[in-house]
Novice: 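Please find one structure pasted underneath; my questions will follow.
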Number of protein chains: 2
Amino acid sequence: MKIAILGTGMVGQALAEKLVSLGHEVILGTRNIEKTVATKGKDAMGRPAIGDWLPMHPEVKLATQVEAAAFGELIINATSGFGAVSALENAGRENLKGKVVLDIANPLDFSKGMPPSLWVCNTDSLGEMIQREFPEARVVKSLNTMNAHLMVNPSVVPGDHSVFMCGNDAGAKGEVKNLLNAFGWKDQNIIDLGDITNARGTEQLLPIWIRLMGTFGHPVFNFSIVKGTPA
Amino acid sequence: MKIAILGTGMVGQALAEKLVSLGHEVILGTRNIEKTVATKGKDAMGRPAIGDWLPMHPEVKLATQVEAAAFGELIINATSGFGAVSALENAGRENLKGKVVLDIANPLDFSKGMPPSLWVCNTDSLGEMIQREFPEARVVKSLNTMNAHLMVNPSVVPGDHSVFMCGNDAGAKGEVKNLLNAFGWKDQNIIDLGDITNARGTEQLLPIWIRLMGTFGHPVFNFSIVKGTPA
């Protein structure tokens with residue numbers, strides 16, 4: 001499949017690597033190609049910055065957001081959250097029409113320091129904002145509740161643990177579920193919460209996720225929803 | 001130990017039953033004794049209302065909020081959340097001074113229908129409000145991320161799953177941890193997130209908890225935090 005990823009950070013890179021390994025054609029869409037290519041060295045986590053990462057992954061193409069979106073049969077929003085709506089606007093409404101938009105971003109606000117708060121939550125969510133702004137896109141929120149490496153390698157956390165999914169379009173959720181399966185997620189660990197308003201629930205997991213990362217000192221963990229039998 | 005529980009609903013009842021079975025002396029504190037005693041029949045979940053429940057549990061005493069708090073060496077806030085601060089004001093500041101206040105309530109706002117939103121979240125929390133309002137109380141937030149029956153019977157959900165705890169006073173958290181152990185929670189499943197600001201994280205689990213209850217059709221489930229080994 002032809003897949004466009006908007007966002008060239010840790011999440012975009014992890015997804016691009018996995019998707020090309022699965023045989024997909026991937027284009028990363030960026031706001032500014034020159035600036036992206038010139039971003040060298042190590043990022044804050046000690047990983048190669050995008051300008052060094054790209055030559056190491058020649059099978060992943062870089063293009064403008066509009067070129068990437070025109071190419072993609074499926075669009076992944078892997079922006080920082082703040083830039084999500086403008087990135088999708090740059091991508092062009094006509095390039096989103098009828099397509100699955102997999103939204104992985106979180107509305108994290110680091111402006112007041114750590115831990116971040118959310119700049120939209122509780123009675124709205126980023127997932128809903130995107131669906132409202134682009135009504136002809138088939139938005140599915142998923143994978144936003146875990147570290148990027150874990151998204152595409154669920155076995156780095158042992159045993160069963162959960163990935164959530166929500167969206168208004170059953171067919172779109174089916175396509176995302178196929179992708180999750182290909183990443184290694186078992187059916188029993190994929191929880192479909194319902195329509196896109198459920199993004200309020202999954203985005204509000206971020207405040208405790210960030211605190212747990214602080215408590216553990218690393219991001220290699222996940223939420224597992226463990227069920228008992230009702231009496 | 002002498003324990004006061006503020007709140008006579010499902011959570012207060014479940015805790016009272018368990019605590020007396022463990023040998024504690026328990027008084028339920030209510031705003032209005034006459035009204036509480038007169039609340040008969042079944043509640044919305046089909047359980048006996050408090051006025052029928054009390055005669056079935058003669059070892060649990062009913063008193064006013066101030067009488068209960070004066071009696072309790074440990075105070076549990078099992079109110080609806082909206083009533084928490086006023087219940088603790090009724091209990092009397094002098095009766096909270098230096099005592100552990102275990103806050104189990106959630107700031108759920110059902111005024112706009114289901115699913116509820118939170119009336120405080122993101123940059124503040126109910127746990128923090130209570131600690132600010134009663135600076136001489138030693139507030140610990142815990143047990144607010146699950147169904148009442150599960151709080152005191154962790155084995156109704158199989159295997160390992162998590163209970164969170166936060167608060168500013170290490171000694172108070174130690175006392176709450178002892179209580180959690182007595183309820184059946186293993187050390188490895190008790191996660192101390194740090195100070196009371198972490199209540200923002202645990203209270204913001206409620207939006208997805210409520211949605212998961214809707215998806216599953218029952219409340220017999222819990223969050224488990226599953227860890228891997230960092231590379």
Side-chain angles (χ1 to χ4, degrees), chain A residues 107 109 112 115-125 145 147 149-150 153-162 164 166 189 191-195 197-212 214-231, chain B residues 107 109 112 115-125 145 147 149-150 153-162 164 166 189 191-195 197-212 214-231:
Chain A
D109 180 1
K112 293 169 198 79
S117 54
L118 301 172
W119 53 263
V120 58
C121 69
N122 195 31
T123 54
D124 197 4
S125 63
T145 57
N147 169 259
H149 185 63
L150 180 58
N153 299 287
S155 66
V156 301
V157 167
D160 286 309
H161 46 94
S162 308
F164 306 100
C166 64
N189 293 327
I191 300 178
D192 182 351
L193 289 163
D195 71 25
T197 63
N198 291 287
R200 297 177 199 180
T202 65
E203 293 174 11
Q204 281 186 103
L205 286 176
L206 267 290
I208 196 166
W209 189 92
I210 285 158
R211 288 166 170 84
L212 287 165
T215 299
F216 299 153
H218 68 79
V220 190
F221 64 89
N222 195 16
F223 301 98
S224 177
I225 306 303
V226 190
K227 280 192 266 186
T229 311
Chain B
D109 180 1
K112 294 170 197 79
S117 54
L118 301 173
W119 53 263
V120 59
C121 70
N122 196 31
T123 54
D124 198 3
S125 63
T145 57
N147 170 259
H149 185 62
L150 180 57
N153 300 287
S155 66
V156 300
V157 168
D160 287 309
H161 46 93
S162 308
F164 306 101
C166 65
N189 293 326
I191 301 179
D192 182 350
L193 290 163
D195 71 25
T197 64
N198 291 287
R200 296 176 200 180
T202 65
E203 293 174 11
Q204 282 186 103
L205 286 175
L206 268 289
I208 197 167
W209 189 91
I210 286 158
R211 287 166 169 85
L212 287 166
T215 299
F216 299 153
H218 67 79
V220 190
F221 65 88
N222 196 16
F223 301 98
S224 178
I225 307 301
V226 189
K227 282 191 265 186
T229 312

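Here the structure is a predicted model, which means the values were calculated and not measured. Hydrogens, waters and symmetry mates are skipped; everything else that's a heavy atom, side chains included, is used. Residue numbers start from 1 in every chain, and the chains themselves are labelled A, B, ... in the order their sequence lines are given, proteins ahead of strands.
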Novice: Quick check on A:Ile191 against chain B: is it the side chain, the backbone, both or neither that has a heavy atom closer than 4.5 Å?
Specialist: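 Just its side chain gets close to chain B.
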
Novice: Which one, A:Leu205, A:Leu193, A:Thr197, A:Thr215, leads in non-hydrogen pairs under 4.5 Å with chain B?
Specialist: A:Leu193

Novice: Of the backbone (N, CA, C, O) and the side chain (C-beta and beyond), which part of A:Thr229 lies under 4.5 Å from a heavy atom of chain B, both, or neither?
Specialist: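 Backbone only.
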
Novice: Atom CD in A:Glu203, atom CH2 in A:Trp119: separation rounded to 0.5 Å?
Specialist: 8.5 Å

Novice: Could you tell me which portion of A:Thr123 (side chain, backbone, both or neither) has an atom closer than 4.5 angstrom to a non-hydrogen atom of chain B?
Specialist: side chain

Novice: Side chain, backbone, both or neither: which part of A:Asp160 has a heavy atom under 4.5 Å from chain B?
Specialist: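 The backbone, not the side chain.
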
Novice: Between A:Val156 and chain B, which part of the residue has a heavy atom less than 4.5 Å away: side chain, backbone, both or neither?
Specialist: backbone

Novice: Flag the one option from A:Gly201, A:Pro116, A:Ser162 with the top tally of heavy-atom pairs under 4.5 Å to chain B.
Specialist: A:Gly201

Novice: Using a cut-off of under 4.5 Å for heavy-atom pairs, which of B:Asn198, B:Leu150, B:Leu206 has the most such pairs with chain A?
Specialist: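 It is B:Asn198.
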
Novice: Look at A:Ala231, A:Cys166, A:Pro230, A:Gly217 and state which one has the largest set of heavy-atom pairs under 4.5 Å with chain B.
Specialist: A:Pro230

Novice: Checking heavy atoms, do the side chain of B:Asp109, its backbone, both or neither come under 4.5 Å from chain A?
Specialist: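 For B:Asp109, there is no contact with chain A at all, as no heavy atom is under 4.5 Å.
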
Novice: Quick one: of B:Ser224, B:Pro207, B:Gly214, B:Ser155, who has the most non-hydrogen atom pairs under 4.5 Å with chain A?
Specialist: B:Ser224

